[in-house]
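Just so it is clear: chains get the letters A, B, ... in the order the sequence lines come, proteins before strands, and each one is counted from 1.
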Amino acid sequence: MNNIARQHAQEHQKLFNEMMVYFEKVGARMPKLNPDHDPEVYRQVKEYDQRVLWGPFEDRRPLEEDEK
Amino acid sequence: MKKIMMKRAFWTVCWIFALAPRGLYAQDKPNIVLLFIDDWAWNGTPVAMDDAMNNSRMPVLQMPNVERLAREGMKFRNAYASPQCSPSRVCLQTGQSSPRNGFTVFMNDGRQEYYNEKQFKGFPVVSCISDMTIDADAVTIPEALKPLGYASAHIGKWHMRGDPGDEGYVLHDGDTSNTPGNTLPAEANQRLPDDLIDPKLMFSVTAKAIGFMEEQVKAGSPFYLQISHYAMHEGRECLPATREKYTRHSAVQAYYKKIGRTAETVKRKEDPAIWLGMGEDLDGRIGAVLDRIKELGIEENTYMIMVSDNGYRHSFLPGLTQPHHGAKWWVWQGGIRVPMIVKGPGIRAGSAFDGNVVNYDFLPTFVDWAGGKPESLKDIDGVSLAGYMAGDQPGEPFLNRNLYFHYPHYRDSLPHSAVVSGQRKLLHFYERPDIPMLFDLSKAK
């Protein structure tokens, strides 16, 4: 499973812009970066590993056991 | 403000009615039956949603009536929904995407918003609050269909708060969540009781739904019937005899062995025989609806849609290869791609549709089928699929339209959004705006 955003940067940017324009147009609520982010606190929560496993990645994601 | 919104909704439905073709009398109009299944993966049915992918179907599970529906109707290879049940239900009712309708997550009663400062203190992102009811100015399916002569019923799980009657349903079960469908106490996790006769309320839900159909046929009224099953949500239940059948299957026996259990010692929540039995029992209820439609003489004039509310990851049978990355609560394909089959007048038996469709397409499609003008619906994101189901070939604008998914919350997941555009999909994680993500869906899982 390849993340092709870097190789198709213009296409990514175009689609990203379209999404953000749409979100603004329909009044979507948007999350914000937390100025009080504490990485240690965040790592302690039980969902942390799952969030890392299924979070964003560069290039290629290795298949999980049940996907092979 | 609410008064103004109500006024706007009123005029919208008036426009739908005013623009409807005059030649359509009530008895000529098709009935619409939606079989809305809970937490059922794209690969959750025995019907291969993609004929080129063997793992787009569920092995072992027997659902002859769902297979019959696919044989007699059209299956959708690329059907999408929201990554969680309540937001998906709101999209379906309103024809609006989640970012537009603002109902992006469901949290248990007692909270009006999902962002909890204490719970998420120190997290990288301040996630969003969510609407917790359908907007007063949104036109729902029954509100759009009523001026076209339709009576609408919603039976089973609602999970959008508010009163279904306020949204135009003349028959409903009230503001139900998952709870009524869990007919066994949570601690009864060792075995199914031998006298369980209405697992997940699927028998009583079906009986009530059939009763509504019979009444409408008698009255000569076209109807919209939303059969919103509690199955296949966890808290798995089935008839004991159906479970017994699956406990003997070699794949189930292999699973018991893998987890160090037997059919006698396995817990209810980990028993694949109960999940499979739940699917087969549900199939029987789907068959009961199909059969009654035939007996009532309305088969040629009734659309039947079977679709899941969100994606899911069923992961208990040995040898089951997951077709997708991610699961419910994520906008990866595993959370938003759903099984969907539609049967009805003008839909070619055994056909398949490859274009991307989404849960917010249902409202305009239903209005179209009912003889109304979907373009008269204001502030919606969906489009009518009626023409494509009748055989029209979709053009580039449809095939490459953008479908938006917005889950700006910490659940088990991360605040993130996605847009599917033809064969491309972009994901954006708000924690990591520095990692751009784009995928070719013809190659990615």
* Asked: After noting the C-alpha distance and the side-chain angles of A/Phe57 and B/Phe439, does the key distance pass the ring-ring contact (aromatic ring centres under 6.0 Å, His included) rule?
  -> CA-CA 12 Å; A/Phe57 61 88; B/Phe439 299 92; 5.8 Å; yes
* Which region of B/Asp381, side chain (C-beta onward) or backbone (N, CA, C, O), has a non-hydrogen atom less than 4.5 Å from a non-hydrogen atom of chain A, or is it both or neither? -> side chain
* Contacting moiety of B/Pro124, where chain A heavy atoms sit under 4.5 Å -> both
* Asked: Mind checking whether A/Met30 and B/Pro408 have side chains closer than 4.5 Å, heavy atoms only?
  -> no
* Asked: Do you know which of B/Leu427, B/Asn101, B/Thr104, B/Val419 has the most heavy-atom pairs under 4.5 Å to chain A?
  -> B/Val419
* Asked: Quick one: are B/Asn402 and A/Leu15 in side-chain contact, heavy atoms under 4.5 Å?
  -> yes
* Structure fact -> Rounding to 0.5 Å, atoms CD (A/Glu18) and OG (B/Ser421) come to a distance of 6.5 Å
* To do: Indicate yes or no for a side-chain donor-acceptor contact from B/Trp332 to the backbone of A/Trp54 under 3.5 Å, with no hydrogens or angles considered.
  => yes
* Structure fact -> So OG1 of B/Thr321 and CD of A/Glu67: to nearest 0.5 Å the spacing works out to 9.5 Å
* **Salt-bridge criterion met for B/Arg432 and A/Glu58 (N-O under 4.0 Å)** => no
* Asked: Are the side chain of A/Asn34 and the backbone of B/Phe123 linked by a donor-acceptor contact shorter than 3.5 Å?
  -> yes
* Could you tell me whether a side-chain N or O of A/Asp38 sits under 3.5 Å from a main-chain N or O of B/Lys121, the two making a donor and an acceptor? => no
* Provide the closest heavy-atom pair for A/Pro31 versus B/Cys128 in the form atom of the first, atom of the second, distance. => N-SG, 3.3 Å
* Close aromatic pair by centroid cut-off 6.0 Å: B/His406 and A/Phe23 -> yes
* State, with a plain yes or no, whether a side-chain heavy atom of B/Leu414 is found less than 4.5 Å away from one of A/Pro56. => yes
* So do the side chains of B/Pro99 and A/Tyr22 get within less than 4.5 Å of each other, counting heavy atoms only? -> yes
* Asked: Does a side-chain heavy-atom distance below 4.5 Å link B/Ser315 with A/Asp66?
  -> yes
* Structure fact -> CE (B/Met437) and NE2 (A/His12) are apart, to the nearest 0.5 Å, by 9.0 Å
* Structure fact -> Applying a strict 4.5 Å limit to non-hydrogen atoms, the region of A/Val26 in contact with chain B is both
* Should A/His8 and B/Arg424 count as side-chain neighbours, where that means a heavy-atom distance under 4.5 Å? -> yes
* **Residue pair B/Glu431 / A/Tyr42, side-chain donor-acceptor N/O under 3.5 Å** => yes
* Any side-chain heavy atom of A/Lys32 within less than 4.5 Å of one from B/Val125? -> no
* Can you see which heavy atom on A/Met19 is nearest to which on B/Tyr404, and at what distance? => CA-CE2, 3.6 Å
* Structure fact -> Cut-off 4.5 Å, heavy atoms of chain A, and the answer for B/Ala327 is both
* Is chain B contacted by the side chain of A/Glu64, its backbone, both, or neither, given a heavy-atom distance below 4.5 Å? -> side chain
* To do: Tell me, for B/Tyr430 versus chain A, whether the close heavy atoms (under 4.5 Å) come from the side chain, the backbone, both or neither.
  => both
* To do: Heavy-atom distances under 4.5 Å only: say whether A/Asn2 touches chain B with side chain, backbone, both or neither.
  => backbone
* Roughly how far apart are B/Asp440 CG and A/Met1 CE, rounded to 0.5 Å? -> 11.0 Å
* Is there a side-chain contact between A/Met20 and B/His428 (heavy atoms, below 4.5 Å)? -> yes
* Structure fact -> Nearest heavy-atom contact between A/Arg6 and B/Ile435 is NH2-CA, 4.3 Å
* **Atom pair NE2 (B/His325) and CZ (A/Arg61), whose distance is rounded to the nearest 0.5 Å** => 4.0 Å
* **Salt bridge present between B/Asp412 and A/Arg51 (N-O < 4.0 angstrom)** => no
* To do: Salt-bridge test for A/Arg29 and B/Asp131: reply yes if a basic N is under 4.0 Å from a carboxylate O, no otherwise.
  => yes
